[in-house]
Amino acid sequence: MDLFSTPAAPLVDDEQGGIRYLRDFAGPGQAQSWFEALRQHTDWSHQRRPMYDRVVDVPRLLASYQIDALPPHLPLAEMLGHVHAQAPAPYTTVGLNLYRDGSDSVAMHNDKLHTLVPGNPIALVSLGHPRRMLIRGKSGTCHSIAVELEPGSLLVMSHVSQLTHEHGIHKTTRPFGQRISVVFRVRPPDWKE
DNA sequence: GAAGGTCAAGCGCA
DNA sequence: CTGCGCTTGACCTT
């Protein structure tokens with residue numbers, strides 16, 4: 001897969017817009033200032049999971065907010081405005097992930113459909129150090145698509161693409177700086193975080 | 001309520 | 001050196 005293909009061409013196509021990568025969603029200065037603000041002022045939380053006979057840290061830091069209760073000291077409302085211009089939807093929550101270095105990751109997965117309102121996209125803004133995301137179809141030929149998620153880029157994934165494809169960010173032993181992803185979603189009315 | 005999927009780290013092997 | 005596939009278990013979804 002060509003990593004530098006035209007941003008306008010969907011990586012995956014379907015009747016809801018597929019998966020689109022917009023590299024120049026925000027300028028470098030904008031992306032840098034968002035990154036700094038979020039990294040320093042977000043109330044990051046740490047989760048732990050059982051693994052064999054011990055409990056291990058989930059390999060990334062997490063935070064989430066309701067759109068109607070965004071902390072004023074974070075640039076999330078401004079970011080939401082930009083997202084609305086590119087991928088309009090009645091977003092209700094924003095989730096943040098901080099990948100501290102190359103050993104932070106997410107396993108291949110798809111977003112849980114029952115936590116999303118059908119027909120609405122998921123909008124993922126990347127900040128900080130670029131990381132490579134792998135996208136893989138769940139049926140038939142399992143060829144993977146690699147996307148370099150650059151700072152200031154926006155990845156828009158349709159609702160149905162969560163049915164047909166899974167995505168993840170692999171660990172690497174090579175040195176990597178910090179990356180933050182900011183994910184806007186449309187949750188059902190009764191959604192509890 | 002039972003069954004099946006998720007998702008984490010480390011090891012062995014190619 | 002690098003990347004993969006396999007493993008267990010608590011919790012979640014079907």
Side-chain angles (χ1 to χ4, degrees), chain A residues 1-5 11-12 14 16 18-19 21 38-39 42-67 89 91-150 155-193:
Chain A
M1 178 67 194
D2 179 9
L3 295 177
F4 306 103
S5 55
L11 300 164
V12 170
D14 61 45
Q16 294 180 2
I19 300 179
Y21 177 66
L38 291 173
R39 186 177 60 80
T42 300
D43 185 19
W44 297 107
S45 74
H46 217 205
Q47 290 186 2
R48 295 167 71 75
R49 293 182 59 87
M51 177 73 178
Y52 291 83
D53 54 347
R54 57 185 154 182
V55 178
V56 299
D57 291 335
V58 167
R60 73 201 98 100
L61 300 183
L62 305 159
S64 71
Y65 301 100
Q66 301 289 321
I67 291 296
Y91 298 103
T92 61
T93 67
V94 56
L96 294 89
N97 301 284
L98 172 58
Y99 300 87
R100 293 158 291 183
D101 56 37
S103 63
D104 274 356
S105 62
V106 228
M108 296 299 291
H109 69 287
N110 56 267
D111 281 40
K112 307 273 179 292
L113 291 171
H114 75 281
T115 69
L116 298 169
V117 175
N120 288 297
I122 298 161
L124 186 151
V125 180
S126 294
L127 302 170
H129 201 288
R131 287 294 291 269
R132 180 163 303 184
M133 171 178 279
L134 294 179
I135 299 170
R136 184 173 58 188
K138 294 162 83 170
S139 63
T141 59
C142 293
H143 83 282
S144 294
I145 303 167
V147 205
E148 197 73 16
L149 294 178
E150 295 166 276
L155 189 76
V156 184
M157 298 185 286
S158 71
H159 184 263
V160 295
S161 73
Q162 299 305 299
L163 263 177
T164 57
H165 290 74
E166 54 182 3
H167 55 271
I169 296 176
H170 287 191
K171 284 188 201 328
T172 172
T173 54
R174 296 198 304 282
F176 265 78
Q178 296 186 328
R179 168 178 178 261
I180 291 173
S181 69
V182 182
V183 190
F184 294 91
R185 296 184 176 91
V186 184
R187 301 296 199 185
D190 58 344
W191 170 256
K192 312 271 191 315
E193 195 68 48

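When reading the values below, keep in mind they use all heavy atoms of this one structure, side chains included, and skip hydrogens, waters and symmetry mates.
- Proximity of a side-chain donor or acceptor of A:Ser45 to a complementary backbone N or O of A:Leu62 within less than 3.5 Å is detected.
- The shortest heavy-atom contact between A:Thr115 and A:Pro188 is O-CD, 3.3 Å.
- From one end of the helix from B:dA2-C:dT14 to B:dA14-C:dT2 to the other, with five pairs defining each end axis, the axis direction shifts by 30° (rounded to 10°).
- Using a 4.0 Å heavy-atom cutoff across all strands shown, A:Thr172 reaches no nucleic acid atom at all.
- Protein atom CG of A:Asp111 is 17 Å distant from nucleotide atom P of C:dC12, rounded to whole Å.
- When all heavy atoms of A:Ile67 and A:Tyr91 are compared, the pair lying nearest together is CG1-O, 3.5 Å.
- Exactly one of A:Leu124, A:Leu149, A:Ile135 qualifies for a side chain to side chain contact (heavy atoms under 4.5 Å, CB included) with A:Tyr21. That residue is A:Leu149.
- The residue A:Arg54 sits close only to the backbone: its heavy atoms come under 4.0 Å of sugar-phosphate atoms, none of a base.
- Minimum interatomic distance between A:Thr42 and A:Ala63 (heavy atoms only, all atoms of both residues): CG2-CB, 3.5 Å.
- A:Ser105 pairs with exactly one of A:Arg60, A:Lys171, A:Arg131 by the side-chain hydrogen bond (donor to acceptor under 3.5 Å, both in side chains) rule, that one being A:Lys171.
- OP1 and OP2 of C:dG3 both lie 4.0 Å or more from every side-chain N or O belonging to A:His170.
- Distance CG (A:Leu113) to P (C:dT13): 12 Å, rounded to an integer number of Å.
- For the atom pair A:Asp57 CG and A:Arg48 CZ, the distance stands at 4.5 Å (nearest 0.5 Å).
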- prompt: Does the pair A:Ser126 and A:Arg179 meet the rule for a side-chain contact (heavy atoms from CB on, under 4.5 Å), with working shown?
  reply: CA-CA 7 Å; A:Ser126 294; A:Arg179 168 178 178 261; 2.9 Å; yes
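- Nearer to the 5' terminus of DNA chain C, by closest-nucleotide assignment, is the contact made by A:Arg49 (compared with the other of A:Lys112 and A:Arg49).
- Contact footprint of chain A on DNA chain B: nucleotides with an atom under 4.0 Å from a non-hydrogen protein atom, first to last in 5' to 3' order, B:dT6 to B:dG10.
- If you take NZ of A:Lys171 and C1' of C:dC1, they are 18 Å apart, rounded to a whole angstrom.
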